[in-house]
Trainee: 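Following this message is one structure expressed as structure tokens.
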Amino acid sequence: MSYQIPPVFTKLQRHDMMAEFDHDERARYNFLANLNRFISTVIAPGNKIAYDNRVEPRFVQENGRTFQDRHEVQTAMSQDPMYQTWAALRRSTMEMRQQAGRSVVLRQADSLAEKAEKILKNSQNLVLKPHFQTPPYLAHVDNHLMPGSYHTEYRTGDVANAANYDTGLFVTTGGMLGRLTDGGGKAIAHWVKETYPDFQPRRILDVGCGLGHNVLPIAEMYPDAEIIAIDAGAPMLRYGAARAKLLGVENVTFMQVDAENMAEFADESFDWVQTTMFLHETGGKAIHRIFGEINRVLVPGGLNLHIEQPQYTPEMSYYEQFMRDWDAYYNAEPYWGHMHDLQPEDLMEEAGVPRANFMQVGVKAINDLDEKKQDSQVKEDYGRSPIWNVFGGWKPHS
Ligand SMILES: C[S@@+](CC[C@H](N)C(=O)[O-])C[C@H]1O[C@@H](n2cnc3c(N)ncnc32)[C@H](O)[C@@H]1O
């Protein structure tokens, strides 16, 4: 099978907060990006062949019926050598990505932290809380195998894990997120502007902003708006605020706030609330509290949008649900399955958007690194559609 190789790592747009990579480190990243692409395009389809030819027929023979949910598929497929091989390879590349990035950023932890401090001196765009409590569901998980996840600090003013996250996404996605790893944000900013040209948000809240990859394109699209980007992880916020400054984006304030309790924000004080690839990392109860808070802070008539991988709807085959569920089992994403079982219409009702106002759209991805290759390449690539799945809606005026 032929497949298109990812762009090289040096195509990413450098900014001064990015860690320095030497020749061998760049080569390692390129190798891993290629290995990921190979596994997801050449090896992954073997799972369907194993399912069709071996696993499902055997299950039917033994049980007199086919699968009734994705968990049964998981149990059966996990006995099959094809799936075992693919899953182990995928897990190993993720572990390697994390360790490759860590070896780069940890040796620069001091200089990166000092740089962030210097860039942010006297800045009003970063608000951290000295006694912030990391939400328990986040504190004990190394999300997607990132040791220490988003919140761990190895020194005062640390940004190391954010620096690892910034470049590591290139490896996992094979550069599909663009030069600044902001393809989702670019896509949603353009889509909102084109679809609702009269919408003039004055205040926008980005919940679970990470280091701000996807909120900066929104801030650039609406330069007169005040943007508040909240996250639980201090390293992400520090790095994000410094990165935004280096990229010349001034209208975003990065704040350390637990999305489950946004007490610092008044009722009905934001015109648009956005989340991007955030909800699947929130705990089982937390997600409902977060939607309650979003409802509280959103103005009547406000816009509420979420970019996420598609939910497991009844229309999605159990095989596809099972493949998408890999992250829940092997990528330290313990809330993934639970979150994707929830139906988006129900979540939006919790956020004050009635079913009549619910929308779910496929927003075309924007990849300024490699646009012409993108569409044909990634259709095969589970979980990495060239279309961003977006759900949300407008909160009624009264
Ligand atoms: C996968 S990252 C998404 C980053 C970002 N939205 C983007 O598009 O690049 C998820 C982020 O959610 C944050 N997070 C998870 N639970 C949170 C909570 N209860 N309050 C605030 N941030 C939270 C994590 O710290 C992490 O940075």
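One-based numbering, in listed order, for ligands and for the atoms of each.
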Trainee: Do Gly208 and ligand 1 have an N or O pair less than 3.5 Å apart?
Mentor: yes
Trainee: Go through the steps to decide whether Arg26 and Asp22 satisfy the test salt bridge (charged side-chain N to carboxylate O under 4.0 Å, His left out), and finish with yes or no.
Mentor: CA-CA 6 Å; Arg26 287 194 297 274; Asp22 68 22; over 6 Å; no
Trainee: Are Pro135 and ligand 1 in contact, using a heavy-atom cut-off of under 4.0 Å?
Mentor: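 The answer is yes: ligand 1 sits under 4.0 Å from a heavy atom of Pro135.
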Trainee: Is the shortest heavy-atom distance from the side chain of Val8 to the side chain of Tyr29 under 4.5 Å?
Mentor: no
Trainee: So, are Arg28 and Glu25 salt-bridged, with charged N and O less than 4.0 Å apart?
Mentor: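 No, no charged N to carboxylate O under 4.0 Å.
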Trainee: Please say whether the positively charged group of Arg70, taken as NZ for Lys or CZ for Arg, lies over the ring of Phe322, i.e. under 6.0 angstrom from the six-membered ring centre and within 45 degrees of the axis.
Mentor: no
Trainee: Can you tell which of Tyr165, Phe278, Phe132, Tyr150 gets a heavy atom nearest to atom 23 (C) of ligand 1?
Mentor: Phe278
Trainee: Once you measure the plane-to-plane angle for Phe59 and Phe67, does it fall in the parallel (<30°), tilted (30-60°) or perpendicular (>60°) bin?
Mentor: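 Rings of Phe59 and Phe67: tilted, 30 to 60°.
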Trainee: Tell me whether Lys129 is salt-bridged to Glu264, with the criterion being a basic N under 4.0 Å from an acidic carboxylate O.
Mentor: yes
Trainee: Pull out every atom of ligand 1 sitting under 4.0 Å from any heavy atom of Tyr137, numbered as shown with elements.
Mentor: 15 (C), 16 (N), 17 (C), 18 (C), 19 (N)
Trainee: Would you say Ala232 and ligand 1 have an N/O pair spaced under 3.5 Å apart?
Mentor: yes
Trainee: Should you measure from each heavy atom of Asn214, which atoms of ligand 1 turn up under 4.0 Å away?
Mentor: 7 (C), 8 (O), 9 (O)
Trainee: May I ask you to test the Leu35-Met96 pair for a side-chain heavy-atom distance under 4.5 Å?
Mentor: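 A side-chain contact under 4.5 Å exists here.
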Trainee: State whether Trp326 and Arg90 meet the cation-pi test: NZ (Lys) or CZ (Arg) under 6.0 Å from the six-membered ring centroid, and within 45° of the perpendicular axis.
Mentor: yes
Trainee: Can a non-hydrogen atom of Val257 be found less than 4.0 Å from any atom of ligand 1?
Mentor: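 Contact present.
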Trainee: With heavy atoms of Glu281 as the reference, note each atom of ligand 1 found under 4.0 Å away.
Mentor: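 Contacts of ligand 1 toward Glu281, numbered from 1: 1 (C), 2 (S), 10 (C).
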Trainee: Can you tell me if Cys209 has a non-hydrogen atom under 4.0 Å from ligand 1?
Mentor: yes
Trainee: Is there a side-chain contact between Gln256 and Val127, using heavy atoms and a 4.5 Å cut-off?
Mentor: no
Trainee: Name the closest protein heavy atom to atom 20 (N) of ligand 1, giving the residue it belongs to and the distance to 0.1 Å.
Mentor: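 Heavy-atom neighbour on the protein nearest atom 20 (N) of ligand 1: Ala259 N, 2.9 Å.
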Trainee: Below 3.5 angstrom, do we get any N/O pair linking Asp258 and ligand 1?
Mentor: yes
Trainee: Decide whether an N or O pair under 3.5 Å exists between Thr282 and ligand 1.
Mentor: no
Trainee: With a 4.0 Å cut-off on heavy atoms, is Leu138 in contact with ligand 1?
Mentor: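 In this structure, Leu138 qualifies as a contact of ligand 1 - some heavy atom is under 4.0 Å.
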Trainee: To check your reading of the model: name the closest protein heavy atom to atom 27 (O) of ligand 1, its residue, and the distance in Å.
Mentor: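 In this structure, atom 27 (O) of ligand 1 has Asp231 OD2, 2.7 Å as its nearest protein heavy atom.
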Trainee: Which ligand 1 atoms are under 4.0 Å away from a heavy-atom of Gly210?
Mentor: 4 (C), 5 (C), 27 (O)
Trainee: Would a single hydrophobic cluster contain both Phe31 and Phe21, if residues Ile, Leu, Val, Met, Phe, Trp and Tyr are joined by side-chain heavy-atom contacts under 4.5 Å?
Mentor: yes
